[in-house]
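Take a look at the structure set out below.
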Amino acid sequence: MTAFSAIHEEHESNQEEFTPGVEPQPTWCPGCGDFAVLKALKGAMPAVGRSPEEVLLVTGIGCSGKLSSYFESYGYHSIHGRSLPIARAAKLANPGLEVVAAGGDGDGYGIGGNHFMHTARENHDMTYIVFNNEIFGLTKGQTSPTSPKGHKSKTQPSGSAKDPVRPLTLSLASGASYVARTAATNPRQAQEILVEAIEHDGFAHIDFLTQCPTWNKDAKEYVPYTDIQQSDEYDFDVTDRREAADMMYEAETKLHEGEVLTGRFYQDSDRPSYGQEKRSTGEMPQEPLAERYYDEDVEWERAADELIARHT
Amino acid sequence: MTAFSAIHEEHESNQEEFTPGVEPQPTWCPGCGDFAVLKALKGAMPAVGRSPEEVLLVTGIGCSGKLSSYFESYGYHSIHGRSLPIARAAKLANPGLEVVAAGGDGDGYGIGGNHFMHTARENHDMTYIVFNNEIFGLTKGQTSPTSPKGHKSKTQPSGSAKDPVRPLTLSLASGASYVARTAATNPRQAQEILVEAIEHDGFAHIDFLTQCPTWNKDAKEYVPYTDIQQSDEYDFDVTDRREAADMMYEAETKLHEGEVLTGRFYQDSDRPSYGQEKRSTGEMPQEPLAERYYDEDVEWERAADELIARHT
Amino acid sequence: MTQGGLKWRVSGGSGDGIDSTSQNFAKALMRAGLHVFTHRHYPSRIRGGHTYVEVRAQSTEVRSRGDGFNFLLALGDSFARNPDDEAYYGDEKLKPLYEHFDDLNEGGIIVYDTGVISEEEAQAVGLDEHAEENNWHVYPIDLRSIAREYGRDVMRNTAGVGVTAALVGIDTSYFEELIQEVMPGEMAEANIKTLQAAYEHAQELDQGHDIEVPEGEHDGEQALMSGSDAIAYASLDAGCRFISGYPMTPWTSAFTVMSQHLPNFGGISEQVEDEIAAAALALGASHAGVKSMSGSSGGGFALMSEPLGLAEMTETPVVLLEAMRAGPSTGMPTKSEQADLEFVLYTSQGDSCRVVFAPGNIQEAYEQTRQAFEYAYDYHLPAIIVYDQKLGGEMRNVPVDFFDREPDPDPGAVLTEDELAEAAHDAAGKFKRYAHDAEDGVNPRSVPGQKGGRFLATGNESMEVGHIAESPENRVIQMDRRMEKLDVIRADLDEGDSSNQTYHGPADAEYGILTWGSQQDTVFEAVDRLEARGSDVKALGVSDLMPYPEDEVRSFLESVEECLVVEMNATAQFRGLTQKELGQFGPRMTSLLKYDGEPFEPGEIVDGFEATIEDQEHPGGNMKIVPAAGD
Amino acid sequence: MTQGGLKWRVSGGSGDGIDSTSQNFAKALMRAGLHVFTHRHYPSRIRGGHTYVEVRAQSTEVRSRGDGFNFLLALGDSFARNPDDEAYYGDEKLKPLYEHFDDLNEGGIIVYDTGVISEEEAQAVGLDEHAEENNWHVYPIDLRSIAREYGRDVMRNTAGVGVTAALVGIDTSYFEELIQEVMPGEMAEANIKTLQAAYEHAQELDQGHDIEVPEGEHDGEQALMSGSDAIAYASLDAGCRFISGYPMTPWTSAFTVMSQHLPNFGGISEQVEDEIAAAALALGASHAGVKSMSGSSGGGFALMSEPLGLAEMTETPVVLLEAMRAGPSTGMPTKSEQADLEFVLYTSQGDSCRVVFAPGNIQEAYEQTRQAFEYAYDYHLPAIIVYDQKLGGEMRNVPVDFFDREPDPDPGAVLTEDELAEAAHDAAGKFKRYAHDAEDGVNPRSVPGQKGGRFLATGNESMEVGHIAESPENRVIQMDRRMEKLDVIRADLDEGDSSNQTYHGPADAEYGILTWGSQQDTVFEAVDRLEARGSDVKALGVSDLMPYPEDEVRSFLESVEECLVVEMNATAQFRGLTQKELGQFGPRMTSLLKYDGEPFEPGEIVDGFEATIEDQEHPGGNMKIVPAAGD
Ligand SMILES: Cc1ncc(C[n+]2csc(CCOP(=O)(O)OP(=O)(O)O)c2C)c(N)n1
Ligand SMILES: Cc1ncc(C[n+]2csc(CCOP(=O)(O)OP(=O)(O)O)c2C)c(N)n1
Ligand code: SF4
Ligand code: SF4
Ligand SMILES: [Mg+2]
Ligand SMILES: [Mg+2]
């Protein structure tokens, strides 16, 4: 008996289920890359056999953060930069949930950078999608941590003096066990990568290049992409950390030169997820913690029995 | 004429000058590695020709943060994890200052991780010393982000389930242009590295291994160190990003296996510092901004003259 | 001419150029000699969302957006999508028309663009019935065709302005002049042609309304300013040359103005990784001798809590802006509210030692921002300007000569190296930056790089040279010294020629209205109306929140029988603060609250006053009344 | 026997085992039938710093540490270094002796270890003069030699306990028993030998003092508990199975207890990267169905401001602890203060909607922590326990059967899948988690993974199913609904059998003392003394801070002529809150404040009362008096 019968139920789900029936119209601008993320996620969930009520989608604040408004599932539209700590705790509380976190490049690599680093390090079993449009969309077009050097904006009128963040390199250095980049212009690949990421047992990070036609017309993500797995030019072992690091560095550098390299950059399927680690040290119960509150058979431990004796 | 005559004044300074004359006794425990950082810094400053009043030492909170109490200079003992943003702004305000930031592994890689990443990315011209004792010292011995996996503490009674942060790798991935590791057990090297770091024009990060005999008796930093520049076993080009990355990864991995590799890991002398970048785009005045307030000849711009016309 | 002058609202999709159109419209009327006031509605979406701007214009000073409006230029939303998906939000395209039916005054005018909204569509949303019921004068005009004929489709907003000019009698020359100033030649020409064609078209129409723009004349040249502009310009004039921030609505406006101009003023602007860093950088730059500021809104300011406390303890001067929006949490990010009062006063652990001002209008925003820098740098504490979406975004005409001020290069209580040589040091030559016996609680500080000024700034309690200390005796002396600064500042504020509190209405009135911050001028307009109707009432708009103007408010409350406290939040925070500070008068105060995201209209305050103080029934609308305490 | 029982202070270097020694000492006395109370002094350093612990023991309930102490066991600091460097801090080694001269009562006892502090050194710091002046009885004893003879040097603390037992008449069997329980055989043996040898040595001495431990007997078995223990155990009993945190003094104590035991209670503890994450994790786990908590102190709690507001808006239940220490900023991190009251009530943007309790003693800490979980989970809001260094760290005996409670597995207002099937959904099957017409303002929630429960939780204002909304009408309904919960909780608290407010003294007394949180029992002890001296006074200790117990406090204030408000901060925050909430009574209240890092002693309150209410002169000491408002 489970109190959460949506979880792991036999169920043929389909894309429509993940579209809100009575929905708010997406308020994204026409041509916004964010639509592509929504579509890819709607396609990926049925492909991995999950139904809306076993998915928890936690988003940050930004145009990207509105994803949870337009995707039908349990949703938590949180605060700027904090989707990861909320999401990872939900996963610890109920490992049966399919937990996805999502937000923008400002949200994830700017204000939320520390959580990104530490969540990757801990290898929580979840998927993290960063809508990388190299701009602050929702606040109307300021320089973001991924904006290329020299990028002009209202707050950086003479052009940014900062080298952009290297999200893939940083992800690997932090400890993510699955790292990929895809692009809104590449819907088929995007959905495939999302499927892999969701199925991956560990922290899967997807840097999702999304164009922002409203504030970042010149961004290089508009140009055609190259799939590094498909291209003959790039031959590297996605499970080899060093080769992956080189490939990432190259992709990050080339992005601002106008060449968009996408695909899988790193995958380590052997590293145990944080939940596994914690269960193995006895720091986490074997059964989903959330179930405990609905299980009449649980004997609730009492301080009086377990702990008072040491004070007498 | 300068209002800050301590800066760049001809001056033969010496180690004693950096020792508070009427000082609070260091409250560090006997045998604490923090004493070695203090000593190395006291040695390095005269070596680079700086006097106490042109140095601004900004520290975080921790046993390490007390450094500014025992080092004689201008000091700012700030809050936990925030030494970097305070320090880098002071450098922008008055580039003539020698700005050093310092704090613990919790301070710098835990709560302050995001500032570390972004300060490195921006390549501010300053020195950042992290006292890495793999423990929270001041709060009495909890697991820190550099504590090895399996490390037991009061808050992690069954042993940490987390892989530790890789501070060198992260530093490089973020964009630091000088990265070194030294150890309290290696005072000569420590001072040399500090001298180089201070002289480096850009963000210089030193992971300083400091033992904490009170809370972290088993830490591997006690074992003898190897200087990678001295050892025949390690031959790599410290200016080559890839080779540096490999060397760092190896040093980080070996540390928890009991082999302490120290020395210079990366140096990029060509990358312009943030100040240089900002001055080149015209986003920062050529003269130290702080001088302006003491210069009677400055014509102060008025909104009435420059900006009101656009509103009429 | 109807009593309120022109209250013109232009509505359309947020990509339809509403902003520039309305701004030029307001500027033209200002140049024509009128007093103007704008109000902008911000939808929380980027583009394609329905939005509007109001411009109120009259021959005398305008204090608020007024009640409702009397002229609607409905452009329709030409960016609306998914016309089928009406279920949730209704038809986006038509919203710029029908969503405004509720607030358009009796006898008002509607012009709508039949090039976007067909007459059938307009009927379908009930235009006819509403028009009849409210005696509206409706002019369906194909603005798009006019625009297309003389320029391009997008110039239909210009066509709308032309029609407006014809209908309410504005000389088009002001618009033409402005068009020429802001646009390149060819585009300007096309726009002017469109304007004129539309003007002529509308002149031909059968006009049945009685709304007309009045004549006006200004004493001197006027500038059209927003609160955010005023705050930014005051900061520049106050000698601020460093700002650090992270974007957040509505604080972004002031931050953007500063960022755009600081380099030309020889200063530095930094957009950083988060608001904790933003505040910390401002402290770092200030510590190193530069007059510095930062700021944010709501959640961003929450992240500044810890560095704010550090500024208090280390006595690092800094000016912070807090631009309120409707909370809690993300709330309604583009809506107005005054619910961050207690948050701004008390956030950060320990007893607060900060200066907090809430300016009542654009001029006060300028004055008090300058004061904030003075107090911050003279007394070494954080000074906060708390304002809101309303004050930051609304524009009014301000005489240009108001801004003709001396800039302030004074770094405040700072010593020169010569003075440092004479100052108190400990036995080893460390400067007593935190000496116990400071006059007025402030020790002039040294700045890193100065000879003879070495000290330690620390967030811990500290001794005179800055070393960490826990002795109870030292603690009490240092706490008392720091807190004394607030008493001295209060005395200084009380002694000045002019008070930051603003009075309105007859001094001997029987009843009072108390308010704070951005609602002030709206309350004053309400007081005028109440007086005109025979009520005996006066008002006080409070700006000083910390240190609180105890004497002034006490005198005001003592002088009235009963007092209505007007504020935009749900828990009567300012009334609570007043009760806290005065320890009495609860039974004399009744609260009129609003927290639906929209500022008060003067008519609502009139109704609220009548419903409570004059004991009539509930005023209706989204207001809440909290009766007097202790009753 | 002197009136106050035994007030024993053991002082030494913080590596000298003071902690375990004093804890065993207290436990032994408790087992012997006495009531005990401990107070620990924390220097802000790790080791080698001078520190002390006090144990007060008497036959009746002990309410506070009392005034001063009557027995000093000065071990001397055997970890002291740099004996030459006396300039700043004096001689560390001798501080455990001479720093205690000020507070040792007339007629008190001093035992010092001549193995560390020579008799010459003791003379040099003035022991003789002080002893003579104060009629102290001094026993210089070479504890180190005794320890060395029967065990090892470090057992000199055990020797000190043996001497104490002999001097004040405690049966050593209680100590022996404890030693055997906590130490392995050989070490226990050596300690017991040392204890006995020291005991015998002291029995031989010529004893001139009149301090003796009284007889006592408990009704039932007692447990020696700290406030932090009580809070942690209450959380476990309340069904909390998730904690996330980041260390910070003094919150770390409760966090550590939880972390050590949660795995054995089937739960999860997470030490994370910072306090923003800590709070966010607690929300995530709670949203997913687990009763969760987090917490911090001062600056760490400041970082929780933004997630705290998110909990209010999304109505995510969570319990947060805030363990106060002396601020602002890092302040005096190991010292007590009550200056975070306003901070905790109001931090985070927008109107506050949270429950805040400040327990008055260890039992209340247990009770109110359980209540916090109940209200948080029944009403879907954050509930905060605000306490301090004092309450968290002090230990008292509590009857074991006090803890004999049922655990609470109830997840609060949550629906089962069966109930969800019947619940309100929108047309597309989304659950109306935020329905407008909720009873008491609360909609029972669904939990992710449940069938039929899909909804969106958002920090934006939202519609019934959670979609972001900005309509003014929806806004007002949702705000009113959320705020209603506080009214309902207040009513619920008022209706209960027992109040969280604690009364002491005769109901019809002429004067009152009002206090809050951890000062309560000290105030009660002062009231007893005042009564004994003939004053007509009663006291009220307030725990409910939000929603505020308006009726109770109003009645109390109405019932007295004048009232002293006692609290540990510089700006009279609780008195301000009371004035804010009641809007009157300012003229009836006088504040007695202390903010030097040390809690009030009962004698100080007696003096303060006499100096103010009974109009005598200033009480002296580090206290501040703020006269009544409106006077
Ligand atoms: C603490 C905080 N700071 C700032 C903001 C304002 N804000 C909202 S979204 C955003 C950045 C948006 O950029 P990004 O994360 O890249 O998302 P995008 O809109 O581009 O998808 C900012 C700064 C906020 N909501 N909270
Ligand atoms: C915001 C905040 N959180 C927590 C603390 C408590 N705290 C002080 S120092 C410290 C960690 C110390 O570890 P580390 O940074 O490694 O420094 P060390 O003492 O080891 O030198 C913590 C958690 C604090 N002062 N501020
Ligand atoms: S502003 Fe940019 S990112 Fe945001 S919705 Fe529009 S196009 Fe997309
Ligand atoms: S606790 Fe550890 S880090 Fe801190 S002073 Fe002692 S030895 Fe050094
Ligand atoms: Mg973005
Ligand atoms: Mg450390």
Side-chain angles (χ1 to χ4, degrees), chain B residues 2-7 9 20-24 52-56 58 61 66 68-69 72-79 82 84-94 96-97 114-115 117-118 278 282-285 289-294 298 300-304 306-308 311-312, chain C residues 221-225 229 233 236-237 239 241-242 244 261 263-270 272-274 276-277 280-285 287-290 306-307 310 400 403-405 407 409 411 416-417 426-430 447-451 453-460 466-468:
Chain B
T2 168
F4 303 97
S5 71
I7 294 176
E9 191 196 27
V22 181
E23 77 173 323
E53 289 180 337
E54 54 186 325
V55 175
L56 176 62
V58 184
I61 299 291
K66 300 267 168 76
S68 50
S69 294
E72 186 65 53
S73 72
Y74 279 96
Y76 204 107
H77 179 234
S78 67
I79 44 178
R82 318 300 168 192
L84 287 173
I86 292 172
R88 73 196 210 217
K91 182 75 183 181
L92 292 173
N94 194 347
L97 295 171
N114 206 30
H115 309 305
M117 207 167 93
H118 286 276
K278 238 175 131 82
E283 272 201 340
M284 188 171 155
L289 184 48
E291 292 275 12
R292 184 180 238 268
Y293 293 88
Y294 296 86
V298 168
W300 284 80
E301 307 82 357
R302 301 194 319 148
E306 313 283 332
L307 300 170
I308 297 299
H311 296 271
T312 57
Chain C
E221 199 185 7
Q222 302 290 306
L224 185 67
M225 299 284 295
D229 291 334
Y233 294 178
L236 293 168
D237 286 348
R241 289 296 179 273
F242 187 93
S244 41
H261 302 302
N264 302 329
F265 278 65
I268 298 177
S269 164
E270 275 291 295
V272 295
E273 59 270 30
D274 65 20
I276 309 175
L281 268 103
L283 296 191
H287 184 71
V290 175
E306 203 194 359
L310 180 65
V400 163
F403 297 99
D404 190 13
R405 313 285 186 104
T416 62
E417 293 191 335
D426 76 2
K430 209 154 188 156
V447 174
Q450 282 182 323
K451 248 203 200 135
R454 279 182 345 258
F455 73 97
L456 178 64
T458 169
N460 288 60
H467 286 310
I468 295 171

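Residue numbers begin at 1 in each chain, while the letters A, B, ... track the order of the sequences. Keep in mind that what you see is a predicted model, and the values were worked out from it rather than measured.
Here the straight-line distance linking atom CG of C:Leu281 with atom CZ of B:Arg82 works out to 12.0 Å at 0.5 Å rounding.
Under the salt bridge (Lys or Arg N to Asp or Glu O under 4.0 Å) criterion, C:Arg241 pairs with B:Glu301, sequence neighbours left out. Considering only residues two or more places apart in sequence or on other chains, B:His311 meets the ring-ring contact (aromatic ring centres under 6.0 Å, His included) condition with C:Tyr233.
C:Pro448 and B:Phe4 make their closest contact through O-CD2, 3.4 Å (heavy atoms, listed as atom of the first residue, atom of the second, distance). Contact record, C:Ala285 with B:Ala89: N-CB, 3.6 Å, taken as the closest heavy-atom pair.
Heavy atoms of B:Ile7 lying under 4.5 Å from chain C belong to its backbone as well as its side chain. Both the backbone and the side chain of B:Ser68 have a heavy atom closer than 4.5 Å to some heavy atom of chain C. If you measure heavy-atom distances from B:Leu56 to chain C, the contacts under 4.5 Å come from the side chain alone. Proximity to chain C is absent for every atom of B:Lys91, based on heavy atoms less than 4.5 angstrom apart.
Counting heavy-atom pairs closer than 4.5 Å to chain B, the top-ranked of the candidates C:Ala282, C:Gly289, C:Pro263, C:Pro407 is C:Pro407. Counting heavy-atom pairs closer than 4.5 Å to chain C, the top residue among B:Thr312, B:Asn94, B:Leu97, B:Val298 is B:Thr312. Of the listed residues B:Met284, B:Glu9, B:Arg292, the one with more heavy-atom pairs under 4.5 angstrom with chain C than any other is B:Arg292. When B:Met117, B:Lys278, B:Glu54 are compared by the number of non-hydrogen pairs under 4.5 Å with chain C, B:Lys278 comes out ahead.
Under 4.0 Å is where a charged nitrogen must lie from a carboxylate oxygen, and between B:Glu53 and C:Arg454 at least one such pair does. No salt bridge links B:Arg88 with C:Glu270; every basic N to acidic carboxylate O contact stays at or beyond 4.0 Å.
Side-chain atoms of C:Glu417 come within 3.5 Å of backbone N or O of B:Ser5 as a donor-acceptor pair.
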